[in-house]
Amino acid sequence: MTTALLVTGTVGSGKTSAAEAAGDLLTAREIPNAVIDVDWLRRCWPSPPGDRFNGALTLRNLRAVTRNFVDAGAERIVLAGVIESKAERQAYEEALGLPLAVCRLRVALPVVRTRLHRRHEGDPSGLAWHLDRSGELERILAAAAVEDRLVDVTDETIPQVAQLVLRGWMGS
Ligand SMILES: Nc1ncnc2c1ncn2[C@@H]1O[C@H](COP(=O)(O)OS(=O)(=O)O)[C@@H](OP(=O)(O)O)[C@H]1O
Ligand SMILES: Nc1ncnc2c1ncn2[C@@H]1O[C@H](COP(=O)(O)OP(=O)(O)O)[C@@H](O)[C@H]1O
């Protein structure tokens, strides 16, 4: 049966990079897989009042895209995204229609901020928003403890993070 793994963490923690690299590792092992960057499923403007991250639309897109990937033969689905509560986790699991594991990346905030400066070079307003959100979201995620597994990856390279994430999910 197909199973899903959500790589989560605060903004700039490396969830997108880790999910992409995990997909590459699965491909190298010839395990049919798909990678979903949840940010793209909510990239629609404007969002409705009271739903600033487009949560409802994200779930509808997730349901449709996942079904297509499963129909295409994906056995492992790796997602990068943010969930802030156990209720949101349940809603994701229901939309996916698959067993879901959640791995949270923890990265020391000064390192996150250095990465954000690099990623948002030439984008001062985006940088300011992400810098502000990084600490706030880290506190929200730590309090919510929605994950099955928390890994501190402050000093790990992207391929190392991908390996850690997969090891916790698949055992190797
Ligand atoms: N609760 C919740 N739900 C969904 N997404 C969340 C949430 N909190 C923060 N984020 C993160 O917000 C970041 C939005 O950044 P974007 O650059 O995509 O901006 S925009 O939505 O296009 O305006 C984007 O940050 P990055 O993770 O750095 O890409 C999202 O992951
Ligand atoms: N393990 C890592 N080591 C060094 N830089 C990283 C690592 N993971 C991600 N990055 C870089 O940090 C930035 C944020 O990573 P990204 O994957 O976009 O994070 P997120 O999806 O959590 O916002 C990107 O510029 C990325 O290239």
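Both counts, for ligands and for their atoms, begin at 1 and track the order of listing.
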Ignoring hydrogens, tell whether any protein atom lies closer than 4.0 Å to atom 31 (O) of ligand 1; use the non-hydrogen atoms only.
-> yes

Note: Glu156, heavy atoms under 4.0 Å from ligand 2, region reported as backbone

| task | Could you tell me whether ligand 1 has any atom less than 4.0 Å away from a heavy atom of Trp45? | result | no

Pairs of nitrogen or oxygen atoms closer than 3.5 Å, one from Thr10 and one from ligand 1: do any exist? no

N/O separation below 3.5 Å, Arg118 to ligand 2: no

Protein heavy-atom contact under 4.0 Å for atom 20 (S) of ligand 1? no

Exercise for the section: Compute the shortest N/O to N/O distance between Glu84 and ligand 1 and return yes if it is under 3.5 Å, no if not. Expected result: yes

Subject >> Exercise check, heavy-atom protein proximity under 4.0 Å to atom 23 (O) of ligand 1 >> reply: no

- prompt: For Val11 and ligand 2, does the shortest N/O to N/O distance drop below 3.5 Å?
  reply: no

- Task: Compute the shortest N/O to N/O distance between Lys15 and ligand 1 and return yes if it is under 3.5 Å, no if not.
- Result: yes

Atoms of ligand 1 under 4.0 Å from any heavy atom of His130, numbered from 1 in the order shown, are 13 (C), 15 (O), 17 (O), 25 (O), 28 (O)

- Does an N or O from Val161, backbone or side chain, lie closer than 3.5 Å to an N or O of ligand 2? no

Atoms of ligand 1 under 4.0 Å from any heavy atom of Arg43, numbered from 1 in the order shown, are 22 (O)

